[in-house]
Amino acid sequence: MPTKRKRESSKTSNTFEQESNGVVKEKTRPSSEEEYRHWLMKSEPESRYENGVDVRFGIEDLKSCPDQTACWDGVRNYQARNFMRDKMRKGDEVFFYHSNTKKPGICGICEVVRESYVDHTQFDSKDPHYDRTAKRDNPRWYMVDVKFKRMTRRFVSLAELKVLHAEHKQSGGPLKNLSLFTRARLSVQPISQEEWDYILTLESQEEKECVQK
DNA sequence: GCCAACGTTGGC
DNA sequence: GCCAACGTTGGC
């Protein structure tokens with residue numbers, strides 16, 4: 001099984017864990033209780049070693065997995081976990097985002113093919129995302145499986161999205177609340193239908209000249 | 001490699 | 001339950 005996953009804290013706490021009935025009220029973006037059917041997930045395409053283990057997992061790595069499918073293990077942030085555990089559904093579509101790299105941005109699309117289940121790496125002392133406080137009978141971290149769908153027709157860079165986000169804040173355009181900027185550090189983010197559709201239209205357009213390469 | 005932003009910890 | 005200190009994320 002491939003080891004992968006973003007840079008999420010491996011430090012943990014009980015602070016936000018109270019779940020009397022298994023339901024967590026998760027704060028989504030202020031205006032909405034809408035159910036998201038689209039997401040953005042960050043992963044690092046370049047090798048980086050955490051506790052001696054390479055945490056690289058770019059979209060090419062996903063394509064190389066059996067059935068082009070991988071578990072999204074290693075998320076150690078409560079908001080990101082809650083999205084995966086409570087909100088993601090089979091068939092949801094996901095922008096695959098390359099982070100912590102020279103040119104960050106959206107490079108492909110994948111699909112949720114298995115809904116949340118226990119992230120086994122929390123119990124593995126050799127895994128960089130080992131959580132010594134997690135108990136087998138009371139797991140803390142969950143993951144989903146995603147399957148590669150396709151590359152985007154072109155790379156949609158963070159720089160480009162940033163310019164559009166700034167414009168749309170003024171004009172009230174579709175990317176005015178994009179989580180990439182309003183919740184920048186979240187590695188699993190919700191994408192509204194409107195945002196999804198708009199970003200897909202960028203695929204078939206040239207990148208604007210004003211964007212710094 | 002720097003460091004701003006922000007999530008988490010833990011003393012009180 | 002506040003909040004200062006600390007640690008991590010991730011763009012640059």
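In what follows, chains carry the letters A, B, and so on, assigned in the order in which the sequence lines appear, proteins first and then strands, with residues in each chain numbered from 1. The shown structure was predicted, so the numbers you read here are calculated from the model rather than taken from an experiment.
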Item to check | Atom pair distance, as rounded to whole Å: CZ in A/R185 and C1' in B/dA4 | outcome: 9 Å
Checklist entry - Considering only side-chain heavy atoms of A/K42, which listed nucleotide, C/dG10, B/dG7, C/dG11, is closest? => result C/dG10
Item to check | Phosphate OP1/OP2 of C/dG11: any A/Y97 side-chain N/O under 4.0 Å | outcome: yes
Next on the checklist: Between A/F95 and A/H38, is the ring centroid distance below 6.0 Å?
Outcome noted: no
Item to check | Candidate nucleotides C/dG11, C/dT9, B/dT8, ranked by approach to the side chain of A/N100 - the nearest | outcome: C/dG11
Next on the checklist: Applying the ring pair (Phe, Tyr, Trp, His ring centres under 6.0 Å) criterion to A/W141, which one of A/F123, A/Y130, A/Y117, A/Y78 satisfies it?
Outcome noted: A/Y78
Checklist outcome for this item: Separation between CD (A/E60) and NE2 (A/H98), nearest 0.5 Å, reads 7.5 Å
Checklist entry - Taking atom P of B/dG7 as reference, at what distance in whole Å does atom CZ of A/R76 sit? => result 18 Å
Checklist entry - Rounded to whole angstrom units, what separation is found between the CG atom of A/L180 and the C1' atom of C/dG10? => result 11 Å
Item to check | Nearest-angstrom distance from the residue atom CD of A/Q189 to C1' of C/dT9 | outcome: 12 Å
Next on the checklist: Just to verify, which of A/R76, A/R81, A/R140 counts as forming a side chain to side chain donor-acceptor pair (under 3.5 Å) with A/D119?
Outcome noted: A/R76
Checklist entry - Just how far, in rounded Å, is P of B/dG1 from CD of A/E46? => result 14 Å
Checklist entry - To the nearest Å, how far apart are A/L178 CG and C/dG11 P? => result 13 Å
Item to check | Rounded distance in Å - CZ (A/R48) to C1' (C/dG11) | outcome: 14 Å
Next on the checklist: Using whole Å, what does the distance between atom P of nucleotide C/dT9 and atom CE of A/M41 come to?
Outcome noted: 16 Å
